[in-house]
Amino acid sequence: MITERVDFLVIGSGVAGLRAAFEAAEAGSVYVITKDTLKESSTEYAQGGVAVALCDEDTIGIHFEDTIKAGDGLCAEEAVRVLVNEGPERIMELISWGAEFDKSNSRLIFTLEAAHSRRRILHAHGDSTGREIERVLIKKAMSIPRIKKYSFAYFLDLIVHDGRCYGAYMLRDGQVAAVLAGATILATGGVGQVFSRTTNPLVATGDGFAAAYRAGAELSGMEFVQFHPTSLYASGAPQFLISEALRGEGAVIRNIHKERFMGLYHPDGELATRDVVARAIVSEIFRTKSHHVYLDVTHLDKEYIKKRFPRIYKTCLSYDIDITAELIPVSPAAHYMMGGVKTDIDGRTNIEGLYAAGEVACTGVHGANRLASNSLLEGLVFGARAGKAAVRQPVDIQAIDPKNLCNDISETPLDNPDEIRSTIRRVMWEKAGIIRSAESLNEASEALNSLEYVTRRTYPSRYENEIKNILQTAQLIVKSATERKTSIGAHYRSD
Ligand code: SIN
């Protein structure tokens, strides 16, 4: 087997992975491996923006309180304090590297999103904030010779012996390679593809959660999947995210009869927390026997909408919906995993030498429900901290001698992979989605367990291994959801 050695291995090239890589590169050689192109991650698709207490009318303390309130009593306060305190510095640093957030007369513009008591969301090119952040991070990564980037390198599994992580196996050009590393930083992103409706890109298949679980890492809060209330619901169109920032700018939600209803569900109406809005929409869809509701921006200034939300405007238009004149059909979709690989505030996991940051990690910063636009900030803050922590515990990689490196890729392909993938995703959406019960979770568990054989092999293709990871992540979600008997935040049980 091909074996390579590197000081720091970063798995994932979104905001958390790249930010960690910059810190690690201060101390040694770094590999960043990613299963697609460098820029293909959830970061690239983040629209609304990045929340940070930099506006005159805002304070770090108010950002702290809003985050805690959204988290429904389950936030780890220490992690929230780190996020809001270090956020401004991470954003100013990003600006110094060339990030261009939208401005008016040279002053940064801050917008509002649900459950924020102040305007504190920075955005770029209207609704392409993640793309701008990723652009700047990739440009910086390209300028650091110590960081080697491997795209289309699929992360298979962690190399762990006697409670220590020594790197990871990757699949590249059809061959398995072992990358031995002094420290390994997991930044593989989310799980959206576990559900049949998701705003996430195709790469969000839960690889990091499943591989960490197989390696013996502790996971936490896997029942807390955030469902975004408004993704496009149009025939032939993807479940494209229709940003919450539209509601921050005055968009309203109407049922199939064109009636507003959010006021009946919560005093904050359209700006209630995401879990509340998503459930209200599901109830209204059920009550009106429809498949979607509408988001309405037709009362807002047309030119402003086109300028402020160019990506949403153009995408909807490509499906023949002119959002300035017509209602946008929307319905909820899986969006963000608040649980994950359990870490401390420096990204340390229970496995020595293994760190995690970003969506795959669970610092407890989001509690039971993430405050909108806190995730890009999370990636920057905790990515940097994980990189720094890895540097503080150097390991001489020449001394690493892991025994039993193995390359047991199955030669036999998976039978009916498309059918298996679709079955898991539909089961998860219907039985372990926005509204759950003991009965539905039990049915989900039985359906997933009948596919257990899929998890017993390592496959020769990315697609098949992704299905295995989708399945294992789904099982972890269902198990945690079953164990948490009461409703809290994004975890809602009808029983
Ligand atoms: C959005 O733009 O609505 C999504 C932002 C986020 O998930 O924080």
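Keep in mind that what you see is a predicted model, and the values were worked out from it rather than measured. Every number for a ligand or one of its atoms is a count from 1 in the order of the listing.
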Peer 1: Is Glu93 salt-bridged to Lys140, going by a charged N under 4.0 Å from an acidic O?
Peer 2: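 No, this pair does not count.
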Peer 1: Are any of the N/O atoms on Ile242, whether in the backbone or the side chain, positioned under 3.5 angstrom from an N/O atom of ligand 1?
Peer 2: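 Between Ile242 and ligand 1 (N or O atoms, distance only) the closest approach is not under 3.5 Å.
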Peer 1: Name the closest protein heavy atom to atom 2 (O) of ligand 1, giving the residue it belongs to and the distance to 0.1 Å.
Peer 2: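 Of every protein heavy atom, Ser243 OG, 2.7 Å lies nearest to atom 2 (O) of ligand 1.
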Peer 1: Go through ligand 1 atom by atom and flag the ones less than 4.0 Å from a non-hydrogen atom of His335.
Peer 2: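 Heavy-atom distances to His335 below 4.0 Å select 4 (C), 6 (C), 7 (O).
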Peer 1: Provide the number and element of each atom of ligand 1 under 4.0 Å from a heavy atom of Ala372.
Peer 2: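 So the answer, numbered in order with elements, is 8 (O).
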Peer 1: Less than 4.0 Å between a side-chain N and a carboxylate O, is that true for Glu270 and Arg247?
Peer 2: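 Salt bridge absent between Arg247 and Glu270.
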Peer 1: What residue and heavy atom of the protein are closest to atom 8 (O) of ligand 1, and at what distance?
Peer 2: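 The answer is Ser373 N, 2.6 Å.
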Peer 1: Under the side chain to side chain donor-acceptor pair (under 3.5 Å) rule, collect the residues that match up with Glu44, sequence neighbours excluded.
Peer 2: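 In terms of side chain to side chain donor-acceptor pair (under 3.5 Å), with neighbours along the sequence ignored, Glu44 is linked to Arg131.
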Peer 1: Taking 4.0 angstrom as the limit and counting only heavy atoms of His228, give me the atoms of ligand 1 inside it, by number and element.
Peer 2: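 Those of ligand 1 that fall under 4.0 Å from His228 are 1 (C), 3 (O), 4 (C).
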Peer 1: Among Arg274, Gln47, Arg247, which one has a heavy atom closest to atom 4 (C) of ligand 1?
Peer 2: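 That would be Arg274.
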Peer 1: Got a second to check how far His63's NE2 is from Asn85's CG, nearest 0.5 Å?
Peer 2: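 So the gap between those two atoms works out to 11.0 Å.
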Peer 1: Under the salt bridge (charged side-chain N to carboxylate O under 4.0 Å, His left out) test, which residues partner Arg421, sequence neighbours left out?
Peer 2: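 Arg421 satisfies salt bridge (charged side-chain N to carboxylate O under 4.0 Å, His left out) with no residue once adjacent residues are dropped.
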Peer 1: Could you pull out the closest heavy-atom pair between Ile144 and Ala25, with the gap in Å?
Peer 2: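 Minimum heavy-atom separation between Ile144 and Ala25: CG2-CB, 3.9 Å.
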Peer 1: Does Arg370 come within less than 4.0 Å of ligand 1, judged by its heavy atoms?
Peer 2: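 Right, Arg370 reaches ligand 1.
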Peer 1: May I ask you to list the atoms of ligand 1 that are less than 4.0 angstrom from any heavy atom of Glu244?
Peer 2: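 The list of qualifying atoms is 1 (C), 2 (O), 3 (O).
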Peer 1: What distance separates Lys35 NZ from Glu466 CD, expressed to the nearest 0.5 Å?
Peer 2: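 Reported value, rounded in 0.5 Å steps: 3.5 Å.
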